[in-house]
Amino acid sequence: MSNRAPSLPAMQEKYQPSVIEQAAQAHWNAARAFNVDPDPAKPKYYCLSMFPYPSGKLHMGHVRNYTIGDVLARSHKMRGYNVLQPMGWDAFGLPAENAAIQNKVPPAQWTYDNIAYMKKQLQSLGFALDWERELATCKPEYYKWNQWLFLRMLENGIAYKKTQVVNWDPVDQTVLANEQVIEGRGWRTGALVEKREIPGYYLAITQYADELLAALDTLPGWPERVKLMQANWIGKSFGVRFAFPYELDGKQEKLWVYTTRADTIMGVTFVAVAAEHPLATRAAQNNAKLSAFIEECKRGSVMEADLATMEKKGMPTGIFVDHPLTGEQVEVWVGNYVLMSYGEGAVMAVPAHDERDFAFARKYGLAIKQVIDVPGKPWSLDAWQEWYADKENGVCVNSGKYDGLNCQQAIDAIAADLAAKDLGGKQVQFRLRDWGISRQRYWGCPIPIIHCDACGSVPVPDEQLPVVLPEDCVPDGSGNPLNRRDDFLKCSCPKCGKPARRETDTMDTFVDSSWYYARYGVDAATRAKNDRMVDAGTAYWMPVDQYIGGIEHAILHLLYSRFWTKVMRDLGLVKQDEQFEPFANLLTQGMVLNHIFSRRTDKGGIEYFAPEEVDLVRNEAGHVTGATLRADGSPVDYGGVGTMSKSKRNGVDPQALIEQYGADTARFFMMFASPPEQTLEWSDTGVEGAYRFMKRVWAFGFALKSQQATGEAGGLRREIHLLLKQANYDLGKLQFNTVASACMKMLNALEKTPADPHAREGFSILLRVLSPIAPHIAHALWIELGYGDDILNAPWPEPLEEALVQDEQELVLQVNGKLRGSLRVKVGADKAAIEAAALTNEAAQKFMEGKPAKKVVVVPGRLVNIVV
RNA sequence: GCCGGGAUGGCGGAAUCGGUAGACGCAGCGGAUUCAAAAUCCGCCGGUAGUGAUACUGUGAGGGUUCGAGUCCCUCUCCCGGCACCA
């Protein structure tokens with residue numbers, strides 16, 4: 001029966017993962033099983049997992065992510081799709097510079113070494129990847145197109161230059177990433193971080209805000225939670241922009257603010273502006289205390305989380321503006337909580353109806369004037385109450401002509417009155433800000449600009465692209481080493497030809513990852529010539545049919561990618577569909593967490609330790625309370641659990657697992673551990689169980705090979721097809737843990753009746769359902785048992801109706817909602833018959849205690865509930 | 001602080017539309033096999049009471065809707081992700 005080629009050795013009784021996995025992988029490579037081209041004869045399925053940052057080693061989050069993708073890719077291939085699953089490297093970024101500082105190795109070399117190692121790891125896991133399409137974003141042939149598209153954006157007014165606020169480390173004289181700021185201090189120096197304004201390039205994502213919001217409705221294949229997060233991030237609000245007129249230095253001026261609660265305008269008792277606001281600067285000119293306060297506001301980090309949680313402070317400017325409707329004098333304050341980057345950098349303050357303003361007014365003894373009332377709710381100055389900000393039930397009071405109006409009516413009337421005075425009107429506003437892409441770092445894509453004393457900032461001409469980043473620099477923590485590289489810096493102005501200086505800022509790495517999915521699709525000819533960014537291959541493969549990645553990317557990466565695709569569409573580079581979206585279906589994988597250990601350094605910075613470097617200290621309840629360093633017994637801080645990451649040093653390398661148990665066990669265990677969308681706290685207990693299962697599958701296959709079906713047909717066939725039905729349902733739901741458990745249940749059933757005439761059919765179903773999760777063992781047994789020459793070409797199994805039929809079924813019997821017994825009835829029995837059978841049931845009679853049934857609930861196929 | 005999500009045995013988790021809570025696996029316990037161990041196989045395995053049949057109780061906490069709630073509604077606690085320069 002066997003189709004085995006004569007050269008193959010006899011089947012081994014013992015399960016040897018390393019042998020069968022190498023053989024299967026060699027077979028796939030030789031057959032070019034996963035290298036694909038456009039094929040009009042089949043439906044296409046573009047399956048993409050987010051590409052990894054080459055941090056050094058894979059961690060369990062990667063194994064989880066790429067196994068999920070592989071399960072989908074392989075099962076779709078078996079279902080007849082033309083499947084593309086590519087892989088590449090998000091290769092620019094900060095960790096390479098940190099490694100350079102530590103080890104004095106150029107980021108390029110470190111990155112390429114990491115890529116080589118991690119590629120080997122990925123290959124050893126047997127993923128169905130088309131490696132011919134591999135790309136790395138740090139290679140000039142890729143980032144050339146970042147630069148090219150940036151220049152198109154400049155031409156179209158999407159890219160522009162303005163100032164940006166950054167974290168500045170005064171000791172290292174360098175810009176810090178938010179991640180490098182710990183409790184307001186530089187992570188290496190411990191110095192208090194300052195805010196600093198420097199010029200930078202921005203991409204006008206706000207021009208697409210409305211479309212990015214509206215198009216969320218065209219994405220039924222996205223999780224609701226992600227769409228909700230993106231909608232909230234874009235933050236479209238309908239409000240009123242208006243001005244407080246004032247006279248200063250003999251000139252008539254207007255202070256503009258934006259509010260969504262114009263109905264409370266009569267309750268304004270002061271106005272707060274950001275420390276960077278021109279009015280604050282003006283007021284500080286002859287006010288040393290205010291000037292000092294503004295300086296204080298400029299200290300600290302730029303992170304929103306820090307700004308939102310810090311103590312709210314303010315100081316009066318001594319400048320008064322006129323209330324636009326009453327003409328009353330209102331004082332302007334500087335507030336450390338007002339963001340210059342949002343709206344107008346100034347807000348009207350209504351302490352009675354805004355929680356933050358209320359706390360602020362109480363702190364500084366400012367007036368609080370109630371102008372909204374909810375009938376039946378007493379208002380008092382003592383403490384803030386939720387209803388003070390109620391938009392639904394409130395009506396205006398103490399508001400003159402607006403008294404009695406509800407929120408929307410008042411906003412309409414007030415907006416109209418402001419417009420009549422030429423002091424403002426309704427305006428739609430977005431929370432979304434333009435995307436600042438300039439980074440003062442070396443290991444990134446150079447921004448293609450040349451600075452000329454005569455001509456200013458001049459774009460690099462297309463024919464000079466790419467601007468190549470020298471790969472031999474070694475950053476030392478004191479700023480961008482490109483500033484010391486004359487061979488990079490010195491150039492001539494493309495306009496006037498005079499000596500000029502090249503821009504040394506590089507692009508945010510989110511730029512690199514905003515279009516890589518489109519690049520994977522290009523044909524081999526384009527990969528070779530690199531004469532275009534995308535081509536007909538891209539048009540064939542896009543959009544990505546299934547995108548898989550961590551939930552941490554729910555907002556930024558996914559929003560930037562959607563924006564970038566729409567820009568490419570408007571430039572005519574990708575499909576011209578009105579609302580072209582890059583990712584049709586999205587699976588957001590939950591994070592894999594592990595314990596975090598850290599310690600403050602002498603300088604006040606922070607240092608992390610890997611879990612294997614420490615011993616845990618537990619309390620009586622068994623909870624981890626602390627840890628000591630294994631090397632010297634000194635205590636370290638326990639930081640709870642968090643995402644596995646290079647920077648926190650809490651990643652778990654799957655290599656040991658693969659070497660000990662094989663790729664199939666690692667993959668199966670990872671899928672079995674929990675449903676993909678759920679957060680997973682790492683633990684390897686249970687790996688043994690997955691390995692035992694593999695051994696049992698192999699042993700059953702070995703026995704079945706020489707077994708004659710002698711027994712009589714029992715319930716095996718129905719059981720297997722029932723499990724198959726469930727497995728297919730779960731696969732459709734992307735719930736792979738129960739697909740894995742269905743495989744285990746199938747094997748349990750098969751082992752109970754190995755001589756059943758349907759055992760061979762059942763095992764073929766098990767192998768096919770198992771194959772996307774544990775492809776190597778399935779591949780080997782498929783051939784050994786002579787089912788065919790390649791399981792990848794086998795059809796995906798579907799449950800047979802004939803195998804599922806039954807004539808009786810068991811119903812749950814309840815009395816007053818409590819389980820009291822069960823009931824066997826003919827399939828298709830009508831409600832009256834079921835009810836009659838239930839009422840005469842012995843267990844039912846006992847618990848009814850002779851009382852008459854008030855009501856009988858019959859749920860067909862499920863249960864009967866008798867209510868007495 | 002704001003936005004999004006989560007919480008079920010000792011542990012990971014299952015329960016499709018509101019209908020048998022704990023599938024499947026791990027750990028543990030008992031047994032078989034073995035000179036012994038590993039491996040393998042069989043059995044038990046939420047809590048309380050009971051020799052047992054069985055009864056009561058039980059899905060983070062408190063309340064509600066319903067014949068019936070892990071699932072729906074309200075309030076709260078803790079944990080995770082994001083907050084625009086980690087990727």
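Proteins get letters first, then strands, A, B, ... in listed order; numbering begins at 1 in each.
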query: Rounding to a whole Å, what distance do you find between A/Glu304:CD and B/G1:P?
result: 14 Å

- prompt: Where the side chain of A/Thr309 is defined as all heavy atoms beyond and including C-beta, which of B/A23, B/A27, B/G1 is the nearest nucleotide?
  reply: B/G1

statement: Considering only heavy side-chain atoms of A/Arg820, the closest of B/G1, B/C56, B/G4 is B/C56

message: By nearest heavy atom, map A/Asn167 and A/Arg862 onto RNA chain B; which one lands nearer the 5' end?
response: A/Arg862

Nucleotide nearest A/Asn748 when distance is taken to its side chain, options B/C24, B/G4, B/G13: B/C24

task: Under 4.0 Å between any heavy atoms, over every strand shown, what does A/Arg356 touch: base, sugar-phosphate, or nothing? Just pick one.
output: nothing

message: Just to be sure I understand the rule, does A/His557 reach a base, reach only the sugar-phosphate, or reach nothing, if contact means heavy atoms closer than 4.0 Å?
response: nothing

- prompt: Which part of the nucleic acid, if any, lies within reach of A/Lys854 when heavy atoms closer than 4.0 Å are counted: base, sugar-phosphate only, or nothing?
  reply: nothing

- prompt: Which listed nucleotide (B/C26, B/G1, B/A21) is nearest to the side chain of A/Leu819?
  reply: B/A21

task: Please work out if A/Gln440 contacts a base, only the sugar-phosphate, or nothing of the nucleic acid, heavy-atom cut-off 4.0 Å.
output: base

query: Cation-pi between A/Lys695 and A/Tyr15: NZ/CZ under 6.0 Å from ring centre and within 45° of the ring axis?
result: no

query: When you compare B/G10 with B/C29, how far apart are their C1' atoms, in angstrom units rounded to a whole number?
result: 13 Å

message: Checking contacts here: which listed nucleotide (B/C3, B/G12, B/G5) is nearest the side-chain heavy atoms of A/Arg225?
response: B/G5

Spacing of A/Arg692 atom CZ relative to B/A38 atom P, expressed in whole Å: 13 Å

statement: From the candidates B/A23, B/U40, B/U16, the one with an atom nearest any side-chain atom of A/Lys733 is B/U16

- prompt: Nearest of B/G19, B/C24, B/C83 to any side-chain atom of A/Trp233?
  reply: B/C83

- request: Determine, step by step, whether A/Trp515 and A/Tyr142 satisfy the ring-ring contact (aromatic ring centres under 6.0 Å, His included) criterion, reporting the C-alpha distance in whole Å, the side-chain angles of both residues, the deciding distance to 0.1 Å, and the verdict.
  value: CA-CA 10 Å; A/Trp515 68 282; A/Tyr142 181 81; 4.4 Å; yes

message: OP1 or OP2 of B/G5 versus the side-chain N and O atoms of A/Gln589: is any pair under 4.0 Å?
response: no

message: For RNA chain B, please output the secondary structure as dot-bracket, reading 5' to 3'. Pairs are Watson-Crick or G-U wobble, both atom distances under 3.5 Å; mark crossing pairs with [ ], other-strand partners with |, unpaired with a dot.
response: (((((((..(((......[....))).(((((.......))))).((((....))))..(((((..]....))))))))))))....

query: Between A/Phe51 and A/Ser674, which is nearer to the 5' end of RNA chain B once each is assigned its nearest nucleotide?
result: A/Ser674

task: Scan A/Leu863 against the nucleic acid and name what it touches under 4.0 Å (heavy atoms): base, sugar-phosphate only, or nothing.
output: base

statement: In 5'-to-3' order, the base (B), backbone-only (S) or no-contact (-) status of each nucleotide in nucleotides 67-80 of chain B, using a 4.0 angstrom heavy-atom cut-off, is B------------S

message: What I want to check is whether an N or O donor and acceptor connect the side chain of A/Glu677 with the base of B/G5 at under 3.5 Å.
response: no

query: From B/G5, B/G19, B/C24, pick the nucleotide closest to the side chain of A/Ser741?
result: B/C24

message: I need the CD1-P distance between A/Ile551 and B/C86, as an integer number of Å.
response: 18 Å

message: Classify A/Ala305 by what it touches in the nucleic acid, base, sugar-phosphate, or nothing, heavy-atom distance under 4.0 Å.
response: base

- prompt: Are A/Glu304 and A/Arg431 within salt-bridge range, i.e. N to O under 4.0 Å?
  reply: yes

- request: For A/Gly550, report the nucleic acid contact type (base, sugar-phosphate, nothing); a contact means any heavy atom under 4.0 Å.
  value: nothing

message: Distance check, rounded to the nearest 0.5 Å: A/Leu747 atom CG versus A/Leu770 atom CG?
response: 9.5 Å

- request: Choose from B/G4, B/A87, B/A39 the nucleotide whose nearest atom is closest to any side-chain atom of A/Leu556.
  value: B/A87

- request: Choose from B/A84, B/C83, B/C3 the nucleotide whose nearest atom is closest to any side-chain atom of A/Asn232.
  value: B/C3

- request: Quick one: label A/Lys646 by what it contacts on the DNA or RNA (base, sugar-phosphate, nothing), any heavy atom closer than 4.0 Å.
  value: nothing

message: Rounded at 0.5 Å granularity, tell me how far OH in A/Tyr201 sits from CG in A/Asp434.
response: 15.0 Å

